[in-house]
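Following: one structure in structure tokens, then a few remarks.
Predicted, not measured: the structure shown is a model, and the values here were computed from it. For the single chain, residues carry numbers from 1 onward in sequence order.
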Amino acid sequence: MNLTVSQDFNFKSPINKVWNALTDSDTLAKWIMENNFKPIVGHKSQYRNEQWNLIVDCEVLVVEEPFKLSYTWVGGPINTIVTWTLKQEDETTYLHLEQTGFEKEDQSFNGAKHGWAKMGEELKKVLEEM
């Protein structure tokens, strides 16, 4: 079985501002976790949360600025791929998230669904402050 977490967000921000929030390490730290991310295909990075004793390993797979970003998301029991797709219409940027590769509907899958929804709310706050 291959399950996917799929979520849609929209922001009253230009696409380049949303792209920056997805690709700038300092901005990512404000709404996801501390990291050393760089939007360069092949770049390997880590997201770290000491409070949760969590390390997520990533490798950038696709960078199509400002429309698509994809990277591996490997940590604990999960080995998945996160893909962000962006599109702007008028004053709104639509952001679609897919995290693929879950093997079963378990704590990791449900945690990702809940976690990304919460992080989407954090992203909205970060964009409003930028």
Side-chain angles (χ1 to χ4, degrees):
M1 191 191 287
N2 190 355
L3 297 170
T4 299
V5 170
S6 180
Q7 295 185 0
D8 290 295
F9 308 94
N10 59 73
F11 306 102
K12 294 288 183 199
S13 297
I15 194 169
N16 289 328
K17 189 173 176 181
V18 178
W19 177 263
N20 183 60
L22 293 176
T23 58
D24 177 73
S25 179
D26 292 335
T27 308
L28 282 164
K30 294 177 183 177
W31 66 277
I32 296 184
M33 290 180 247
E34 291 294 323
N35 65 87
N36 60 339
F37 184 85
K38 290 183 182 160
I40 300 166
V41 172
H43 178 74
K44 293 182 180 175
S45 60
Q46 288 186 327
Y47 284 84
R48 297 169 303 285
N49 184 317
E50 291 180 17
Q51 178 183 343
W52 299 340
N53 194 26
L54 177 65
I55 295 176
V56 177
D57 292 304
C58 297
E59 181 177 348
V60 178
L61 304 172
V62 177
V63 178
E64 296 173 11
E65 184 176 350
F67 303 108
K68 186 174 183 181
L69 177 67
S70 185
Y71 44 85
T72 60
W73 186 266
V74 181
I78 65 170
N79 183 347
T80 61
I81 295 175
V82 170
T83 301
W84 299 98
T85 309
L86 301 84
K87 137 177 115 171
Q88 183 172 339
E89 291 179 6
D90 300 320
E91 304 295 313
T92 302
T93 297
Y94 296 90
L95 179 62
H96 178 72
L97 161 74
E98 281 197 358
Q99 186 173 7
T100 59
F102 291 96
E103 294 179 4
K104 56 186 181 238
E105 199 167 333
D106 59 4
Q107 183 178 354
S108 298
F109 177 78
N110 290 317
K113 280 187 357 188
H114 174 75
W116 287 121
K118 185 172 189 260
M119 286 185 255
E121 290 301 312
E122 292 300 312
L123 174 55
K124 187 175 192 173
K125 292 177 195 169
V126 167
L127 289 168
E128 288 169 358
E129 293 168 4
M130 287 172 72

Original post:
Can K12 and T92 be said to form a side chain to side chain contact (heavy atoms under 4.5 Å, CB included), step by step?
Top reply: CA-CA 5 Å; K12 294 288 183 199; T92 302; 2.9 Å; yes
Original post:
Yes or no on side chain to side chain contact (heavy atoms under 4.5 Å, CB included) for N35 and S45, after CA distance, side-chain angles and deciding distance?
Top reply: CA-CA 7 Å; N35 65 87; S45 60; 6.0 Å; no
Original post:
Could you walk me through whether V60 and I40 pass the side chain to side chain contact (heavy atoms under 4.5 Å, CB included) check?
Top reply: CA-CA 6 Å; V60 178; I40 300 166; 6.0 Å; no
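Atom CG of N20 and atom OG1 of T27 lie 5.0 Å apart (nearest 0.5 Å). The distance from the OG atom of S25 to the NZ atom of K30 is 11.0 Å, given to the nearest 0.5 Å. The distance from atom CG of L86 to atom NZ of K17, rounded to the nearest 0.5 Å, is 14.0 Å. Separating the CD1 atom in I55 from the SG atom in C58 is a distance of 11.5 Å, to the nearest 0.5 Å. T93 contributes atom OG1, which lies 4.0 Å from atom CD of Q88 (distance to the nearest 0.5 angstrom). To the nearest 0.5 Å, the span separating NZ on K87 from CG on N10 amounts to 11.0 Å.
Residue pairs meeting the ring pair (Phe, Tyr, Trp, His ring centres under 6.0 Å) criterion with at least one member in residues 38-70, sequence neighbours excluded, are Y47-W73.
In terms of hydrophobic clustering, with Ile, Leu, Val, Met, Phe, Trp and Tyr side chains grouped at heavy-atom distances under 4.5 Å, V62 and V5 are assigned to different clusters. The hydrophobic cluster containing I81 does not contain L22, counting ILVMFWY residues as joined when their side-chain heavy atoms lie under 4.5 angstrom apart, directly or transitively. Transitive grouping of hydrophobic side chains (ILVMFWY, heavy atoms separated by less than 4.5 Å) brings V18 and M130 into a common cluster. No single ILVMFWY cluster, assembled from side-chain heavy atoms under 4.5 Å apart, contains both L61 and W19.
Heavy-atom neighbours of N53 CG from other residues, nucleotides or ligands within 6.0 Å: at or below the threshold of 12.
N49 pairs by the side-chain hydrogen bond (donor to acceptor under 3.5 Å, both in side chains) definition with nothing, not counting sequence neighbours. When the ring pair (Phe, Tyr, Trp, His ring centres under 6.0 Å) test is applied to F109, the partners found at least two apart in sequence or on another chain are F102. Legend: residues meeting salt bridge (Lys or Arg N to Asp or Glu O under 4.0 Å) with K68, ordered by chain and number and at least two apart, are absent. Taking E64 as the reference, nothing meets the salt bridge (Lys or Arg N to Asp or Glu O under 4.0 Å) condition, with sequence neighbours excluded.
Counting heavy atoms from C-beta outward, Q46 and V56 have side chains that stay 4.5 Å or more apart. Within the 4.5 Å cutoff, no side-chain heavy atoms of T72 are placed close to those of D57.
Ring pair W31/W84 is perpendicular by interplanar angle, where above 60° counts as perpendicular and below 30° as parallel.
S6 and H96 get closest at one heavy-atom pair: OG-CE1, 3.0 Å. Nearest heavy-atom pair across T23 and L69 is CG2-CD2, 3.9 Å. Minimum heavy-atom separation, V63 to P39: CG2-O, 3.6 Å. For L28 against A21, the heavy-atom pair with the smallest separation is CD2-O, 3.4 Å. The heavy-atom pair separating E34 from A29 by the smallest distance is OE2-CB, 3.8 Å. The two residues I15 and P66 have their closest heavy-atom pair at CD1-O, 3.5 Å.
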Name the atoms and distances for all side-chain donor-acceptor pairs under 3.5 Å in residues 115-128, with sequence neighbours left out.
unit_1	atom_1	unit_2	atom_2	d
W116	NE1	Q99	OE1	2.6
E122	OE2	K125	NZ	3.3

